[in-house]
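Residues take their numbers from the sequence shown, with the count starting at 1. Because only heavy atoms are used, hydrogens play no part in the values below, and waters and symmetry mates are left out as well, while side chains stay in.
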Amino acid sequence: MLRLYDFAASANCYKVRLLAAQLGLELERVPVDLFAGESQTPEHMARNPAGRTPVLELESGEHLAESGAILLYLAEGTHLLPGDRLGRARAAQWLFFEQNLLEPNIGTGRFWILTGRAEGHEALVERWQKVGRHSLDVLERRLAGNDFLLGADYSVADIGLYAYTHVAGDAGIELADYPAVEAWLQRVEGQAGFMNDLEPYPATAGAGGASAHG
């Protein structure tokens, strides 16, 4: 069985759980408490030298880190990843975009607000919100004329972008300003096998604890 080293409140980890649910894959979930330092232990660093989650342990015992890489691996050969070279590259394009522009700003802003770290750092949070809105502008342009990110068909790209986009409100960004994005979120939620088990941040994530987000 595949084993997922997982933090339940991380939207990066949620991506993997959602894809697995929609593909009917069984995952053995191994909780990793980021705020208790469990991602920085020698054992976890051997799985992922970056000391992050998610990490997927394959049947072979090998480990694969980074949510986008895990999504592409699990979706290979399924209806959720195009079979042609260009289609696969375009799926990767959106996953790279998410990790480069959307997640670092919406995800980080959300984390600071929800865990009480934002007070006294308003300018920093406003910057994350500004760039986060820019990332949603990109999605709005793409989705204004397309049902899904790769066109007519739902794919791993939509799973990767849904995770942090649907909680943008927690980062102080009004999703009502992005009608095409809101409509897309509803289409994603209407897909077969969709589920959302993203948990709130634990009490240990409050200000004064480790500075991580997910």
Side-chain angles (χ1 to χ4, degrees), residues 2 4 10-27 54 56 64-110 128-171 173-198 214:
L2 297 166
L4 180 66
S10 165
N12 281 320
C13 295
Y14 165 57
K15 299 170 192 176
V16 180
R17 301 194 301 268
L18 174 55
L19 175 61
Q22 293 189 300
L23 291 177
L25 300 175
E26 286 192 49
L27 290 176
L56 184 70
L64 182 63
E66 297 299 327
S67 61
I70 296 171
L71 294 184
L72 292 171
Y73 176 84
L74 292 178
E76 182 71 28
T78 76
H79 65 288
L80 293 177
L81 185 67
D84 64 291
R85 184 178 181 182
L86 181 57
R88 291 194 302 274
R90 284 180 171 150
Q93 167 195 317
W94 283 109
L95 296 176
F96 295 159
F97 163 82
E98 191 267 349
Q99 286 288 286
N100 180 59
L101 194 64
L102 192 148
E103 187 266 3
N105 293 289
I106 291 178
T108 305
R110 173 179 181 262
W128 288 325
Q129 291 171 334
K130 179 180 179 180
V131 184
R133 291 187 184 96
H134 171 62
S135 69
L136 294 183
D137 288 337
V138 174
L139 291 187
E140 185 73 10
R141 287 193 292 271
R142 175 60 180 166
L143 294 165
N146 296 280
D147 283 348
F148 298 103
L149 288 170
L150 298 188
D153 297 324
Y154 177 69
S155 75
V156 68
D158 300 291
I159 293 172
L161 274 292
Y162 174 85
Y164 278 100
T165 301
H166 89 284
V167 292
D170 292 339
I173 298 172
E174 291 291 338
L175 281 168
D177 295 336
Y178 305 92
V181 171
E182 280 201 313
W184 165 74
L185 293 175
Q186 293 176 6
R187 287 192 290 273
V188 171
E189 292 162 4
Q191 297 302 302
F194 175 84
M195 63 85 190
N196 192 341
D197 62 354
L198 184 64

Note to self: Looking at Q22 and A192, would you say the former's side chain and the latter's main chain have a donor-acceptor pair under 3.5 Å?
What the structure shows: yes
Notebook entry, point to check: Do we see a donor-acceptor contact under 3.5 Å between the side chains of D158 and W184?
Noted result: yes
Checklist line | Heavy-atom check, side chain of Y178 versus side chain of T165, under 4.5 Å | finding: no
Note to self: Could you tell me if the side chain of P82 sits less than 4.5 Å from the side chain of L150, heavy atoms only?
What the structure shows: yes
Check: How far does CG of L185 sit from CD of E189, to the nearest 0.5 angstrom?
Finding: 6.0 Å
Notebook entry, point to check: Is there side-chain contact between Y73 and L56, with heavy atoms separated by less than 4.5 Å?
Noted result: yes
Check: Judged by atom type as modelled, is there a donor-acceptor pair below 3.5 Å linking the side chain of Q129 to the main-chain atoms of A171?
Finding: yes
Next item on the list: List the steps and the verdict of side-chain hydrogen bond (donor to acceptor under 3.5 Å, both in side chains) for H134 and N105.
Entry: CA-CA 10 Å; H134 171 62; N105 293 289; over 6 Å; no
Check: If you measure from CD1 on I159 to CG on L18, what distance do you get to the nearest 0.5 Å?
Finding: 5.0 Å
Checklist line | Flag if over 12 foreign heavy atoms under 6.0 Å of CG, D170 | finding: yes
Margin query: What verdict does the side-chain contact (heavy atoms from CB on, under 4.5 Å) test give for V138 and L102, after you've listed the backbone C-alpha separation in whole Å, the side-chain angles of each residue and the deciding distance to 0.1 Å?
Written below: CA-CA 10 Å; V138 174; L102 192 148; over 6 Å; no
Check: Looking only at heavy atoms, what is the nearest atom pair of A157 and W94, with distance?
Finding: CB-CB, 4.0 Å
Check: For G87 and D84, which heavy atoms make the closest approach, and how far apart are they?
Finding: N-OD2, 2.7 Å
Next item on the list: Using only heavy-atom distances, determine whether the side chains of E66 and N12 contain a donor-acceptor pair under 3.5 Å.
Entry: no
Margin query: Please identify which of these residues, E103, K15, E98, meets the side chain to side chain donor-acceptor pair (under 3.5 Å) condition with S67.
Written below: K15
Next item on the list: Mind checking the CG-CG spacing from D137 to D177? Nearest 0.5 Å is all I need.
Entry: 9.5 Å
Notebook entry, point to check: Shortest non-hydrogen contact from L136 to A168?
Noted result: CD1-CB, 4.2 Å
Next item on the list: Rounded to the nearest 0.5 Å, what's the gap from OH on Y154 to NE2 on H79? Could you check?
Entry: 8.5 Å
Checklist line | Close aromatic pair by centroid cut-off 6.0 Å: Y162 and F194 | finding: yes
Notebook entry, point to check: Atom CD in E182, atom CD in E140: separation rounded to 0.5 Å?
Noted result: 9.0 Å
Note to self: How long is the straight-line distance from CG of L139 back to CG of N146, given to the nearest 0.5 Å?
What the structure shows: 11.5 Å
Note to self: Any non-hydrogen side-chain atom of R17 less than 4.5 Å from a side-chain atom of M195?
What the structure shows: yes
